[in-house]
Novice: 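Got a structure for you, written out below as structure tokens; questions coming shortly.
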Amino acid sequence: MRWPYLVWYGPNLPRTPPLPAQVLYGTASPGAFVDIWVYSPADGRGERCGQTLMFSVLADGAGQFRLDPQAAAWPLFGTTCRGEWRAVAQDRTTGLFSNWVSWRTAWFPVHLRP
């Protein structure tokens with residue numbers, strides 16, 4: 001039996017909408033539901049800041065699962081709040097938890113000349 005894990009890749013540019021967002025990948029028991037808790041930073045700016053969010057996804061027959069903007073029903077998943085984000089997953093079949101994954105989001109001003 002494999003231990004579930006998350007691997008963070010990002011920022012990713014999903015095709016629809018073409019905006020930056022995060023994507024979490026992992027492995028769990030084949031066909032298992034996976035609960036993923038995402039902790040957003042409390043920077044006081046943006047939507048859903050300073051909250052704990054829980055998402056459930058279904059692993060495929062090989063045990064692979066993915067949490068992306070479409071699965072989260074949130075086009076800007078993981079990018080709206082500045083600071084450190086953290087996530088952990090639990091395989092409902094085995095009850096095992098993944099390692100913690102963290103990433104930082106920062107926004108920088110861009111000046112365009114007319």
Side-chain angles (χ1 to χ4, degrees):
M1 189 171 302
R2 293 177 287 177
W3 188 273
Y5 67 91
L6 290 172
V7 179
W8 169 69
Y9 297 97
N12 185 45
L13 297 176
R15 293 181 186 182
T16 305
L19 298 168
Q22 306 307 323
V23 178
L24 299 172
Y25 296 93
T27 301
S29 300
F33 277 97
V34 178
D35 293 329
I36 303 171
W37 287 271
V38 178
Y39 300 85
S40 64
D43 75 350
R45 297 173 187 252
E47 183 181 330
R48 301 184 188 187
C49 289
Q51 294 183 18
T52 301
L53 306 162
M54 199 274 283
F55 303 94
S56 292
V57 295
L58 183 63
D60 65 17
Q64 301 299 307
F65 66 87
R66 172 185 171 121
L67 178 62
D68 58 18
Q70 184 176 3
W74 185 7
L76 298 175
F77 168 64
T79 63
T80 54
C81 306
R82 295 180 305 176
E84 183 175 357
W85 291 73
R86 296 180 303 129
V88 66
Q90 183 180 26
D91 181 323
R92 282 195 207 167
T93 301
T94 64
L96 295 174
F97 283 88
S98 71
N99 60 303
W100 282 89
V101 175
S102 63
W103 67 96
R104 294 192 60 78
T105 299
W107 293 100
F108 301 97
V110 176
H111 300 281
L112 301 175
R113 291 186 174 186

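What you are looking at is a predicted structure, and each value in this text was computed from that prediction instead of being measured.
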Novice: For S29, is there any backbone N or O sitting under 3.5 Å from a side-chain donor or acceptor partner on D91?
Specialist: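 Side chain of D91 to backbone of S29: a pair is present.
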
Novice: Contact between S40 and W85 at the side-chain level, heavy atoms closer than 4.5 Å - yes or no?
Specialist: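 Yes. Closest side-chain heavy atoms under 4.5 Å.
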
Novice: What are the two closest non-hydrogen atoms of G31 and L58, and how far apart are they?
Specialist: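 Looks like O-CD1, 3.3 Å.
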
Novice: Answer yes or no: is there a side-chain heavy-atom contact under 4.5 Å between V23 and R66?
Specialist: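 The answer is yes, as the side chains (C-beta and beyond) meet within the 4.5 Å cut-off.
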
Novice: D68 and F77: which non-hydrogen atoms are nearest, and at how many Å?
Specialist: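 What the structure gives for the nearest pair is C-CD2, 4.5 Å.
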
Novice: Is P41 close to E84 at the side-chain level, that is, under 4.5 Å between some pair of heavy atoms?
Specialist: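 No; the side chains remain at least 4.5 Å from each other.
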
Novice: A side-chain contact here means heavy atoms from C-beta on lying under 4.5 Å apart; do W103 and Q22 qualify?
Specialist: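 Touching, per the 4.5 Å side-chain cut-off.
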
Novice: Looking at CZ of F65 and CD1 of I36, how far apart are the two atoms once the value is rounded to the nearest 0.5 Å?
Specialist: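 The CZ atom of F65 sits 5.0 Å away from the CD1 atom of I36.
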
Novice: When you check the side-chain N and O atoms of T27 and Q64, is any donor under 3.5 Å from an acceptor?
Specialist: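 Per modelled atom types, T27 and Q64 side chains form a pair under 3.5 Å.
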
Novice: State, to 0.1 Å, how close C81 and T105 come at their nearest heavy-atom pair, and which atoms those are.
Specialist: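 Heavy-atom minimum between the residues: O-CB, 3.5 Å.
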
Novice: Checking R92 now: which residues fulfil side chain to side chain contact (heavy atoms under 4.5 Å, CB included) with it, not counting sequence neighbours?
Specialist: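 Testing R92 for side chain to side chain contact (heavy atoms under 4.5 Å, CB included), a comparison that skips the adjacent residues, returns F33, D35, S56.
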
Novice: Can you list the residues that meet the ring pair (Phe, Tyr, Trp, His ring centres under 6.0 Å) rule with W100, with sequence neighbours excluded?
Specialist: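 W100 satisfies ring pair (Phe, Tyr, Trp, His ring centres under 6.0 Å) with Y39 only.
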
Novice: Which heavy atom of A89 sits nearest to which heavy atom of V34, and what is that distance?
Specialist: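 In this case the closest contact between A89 and V34 is CB-CG1, 3.7 Å.
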
Novice: How long is the gap from CH2 on W37 to OG1 on T52, to the nearest 0.5 Å?
Specialist: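 Spacing of CH2 (W37) from OG1 (T52) equals 11.0 Å.
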
Novice: Not counting sequence neighbours, which residues clear side chain to side chain donor-acceptor pair (under 3.5 Å) with Q51? List them please.
Specialist: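 Q51 satisfies side chain to side chain donor-acceptor pair (under 3.5 Å) with no other residue.
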
Novice: Could you tell me whether the side chain of V38 reaches within less than 4.5 Å of the side chain of R86, counting heavy atoms only?
Specialist: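 Side-chain contact under 4.5 Å: no.
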
